[in-house]
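One structure is given below, encoded as structure tokens.
Lettering of chains follows the sequences in order, A, B, ..., and the numbering in each one begins at 1.
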There are 2 protein chains.
Amino acid sequence: MDYEHTCMIRGDGGQRIRAILDQICNKWTLLIVATLDRGTLRFTELHQQIPGISQRMLTLTLRNLERDGLVARSVFAEVPPRVEYALTVTGKSLIPPALALAGWAIEHVPHIEASRAAYETRSA
Amino acid sequence: MDYEHTCMIRGDGGQRIRAILDQICNKWTLLIVATLDRGTLRFTELHQQIPGISQRMLTLTLRNLERDGLVARSVFAEVPPRVEYALTVTGKSLIPPALALAGWAIEHVPHIEASRAAYETRSA
DNA sequence: CGGGATCCAATACGATACTG
DNA sequence: CAGTATCGTATTGGATCCCG
């Protein structure tokens, strides 16, 4: 393992990096990006496919993703209105590292939950 | 790219996965893990090497990491007291995927910041 | 030295109601 | 359909003081 490169997270320019990581790793961002990885979706379709998200948070998170250039928003002048969301090239490029982290989480869920349970019983 | 596997983030067991991801991706966790990747450190050393962190958040985050089995805490019965923190094997295994995400962030910082700037001027 | 306890501000988030 | 506006709550995190 290349330990010298952990400075990527720690380094001095890390303030900008961390600001971006914080935004990626919030409650809904990864979930929305992963959902859009399947293809273009409309607002209501996204709302249905992401259980538990409120309209407000879906809108806010999509606006942030659009603002950061990870998601493209297309408005069609129709009645009823139609708005489609799709990942940009940059947005798609986030999928592999996101999956790496998700893979790690899945792989270590048993160990982590066991460690948590042991910790609880110790403090009880 | 293996699009079918984005269900790892979206899937039904995703509640547990997301809970863990949320904890990993908070403001300080990755930074502390990356710092400990260099080797064992004492509380004060950690505090110094992570600029901007408050004593409170350092303590809280370390407790969570210990609870989840990512960090080992060793207390030495000396005067003055000495406490050392080190990554466990599980903790070390988090480094590669964390670096993957950090690498993505570094690579796309220019594009994201440019997109943000353009977005601001549009709404101005 | 290594924290715990407490107080306070900022923010994230959900629920609800309303609109072009 | 695809939001916006407003309100209230919950969570997060910093500052400060204290203690073994």
* Could you state the interatomic distance from OG1 (A:T35) to CG (A:L46), rounded to the nearest 0.5 Å? ->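 The CG atom of A:L46 is 6.5 Å from OG1 of A:T35, to the nearest 0.5 Å.
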
Just the rounded figure in Å: distance from [atom2] of [N] to [atom1] of [X].
X: B:L60; N: C:dT6; atom1: CG; atom2: C1'; result: 13 Å
X: B:Q48; N: C:dG3; atom1: CD; atom2: C1'; result: 15 Å
X: A:L46; N: D:dA2; atom1: CG; atom2: P; result: 10 Å
X: B:L41; N: C:dG2; atom1: CG; atom2: C1'; result: 15 Å
X: A:E84; N: D:dG3; atom1: CD; atom2: P; result: 12 Å
X: A:R82; N: D:dG3; atom1: CZ; atom2: C1'; result: 17 Å
X: B:L62; N: C:dG2; atom1: CG; atom2: P; result: 11 Å
X: B:F76; N: C:dG3; atom1: CZ; atom2: C1'; result: 17 Å

* Are B:V89 and A:Y119 connected in a single hydrophobic cluster, I mean Ile/Leu/Val/Met/Phe/Trp/Tyr linked by side-chain heavy atoms less than 4.5 Å apart? ->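 No: no chain of side-chain contacts under 4.5 Å links A:Y119 to B:V89.
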
* To do: Could you give me the CA-CA distance, side-chain angles and deciding distance for A:Y85 and A:L65, then say whether side chain to side chain contact (heavy atoms under 4.5 Å, CB included) is met?
  => CA-CA 10 Å; A:Y85 293 91; A:L65 286 170; over 6 Å; no

* Would you say D:dA2 has OP1 or OP2 under 4.0 Å from some side-chain N or O of A:R42? ->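 Yes.
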
* Asked: Just to confirm, is there a sub-4.0 Å distance from OP1 or OP2 of D:dA2 to any side-chain nitrogen or oxygen of A:R73?
  ->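 Result: no.
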
* Hey, is B:R73 close enough to B:E84 for a salt bridge, meaning N to O under 4.0 Å? ->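 No salt bridge links B:R73 with B:E84.
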
* Asked: Charged N to carboxylate O below 4.0 Å: is that the case for A:D22 and B:K27?
  ->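 No, this pair does not count.
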
* For the residue pair B:N26 and B:T29, confirm or rule out a side-chain donor-acceptor distance under 3.5 Å. =>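 Indeed, the side chains of B:N26 and B:T29 share at least one donor-acceptor pair under 3.5 Å.
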
* Asked: For the helix from C:dC1-D:dG20 to C:dG20-D:dC1, how many degrees between its two end axes (five pairs per end), to the nearest 10°?
  ->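 Roughly 50° between the end axes, to the nearest 10°.
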
* Asked: What residue among B:H111, B:H108, B:E107 forms side-chain hydrogen bond (donor to acceptor under 3.5 Å, both in side chains) with A:S93?
  ->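 The passing option is B:H108.
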
* Counting any heavy atom closer than 4.0 Å, what does B:Y85 reach on the DNA or RNA strands: base, sugar-phosphate only, or nothing? ->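 Answer is sugar-phosphate: B:Y85 comes under 4.0 Å of backbone atoms only.
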
* In the 5'-to-3' direction, what one-character label does each nucleotide of nucleotides 13-20 of chain D receive under the scheme B = base within less than 4.0 Å of a protein heavy atom, S = sugar-phosphate only, - = no such atom? -> BBB----B

* **Nearest non-hydrogen partners of B:C25 and A:C25, listed with the distance** =>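 In terms of heavy atoms, the two residues are closest at CB-CB, 2.7 Å.
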
* Asked: B:R63 and B:V71: side chain to side chain contact (heavy atoms under 4.5 Å, CB included), yes or no, with the steps?
  -> CA-CA 9 Å; B:R63 287 291 175 279; B:V71 160; over 6 Å; no

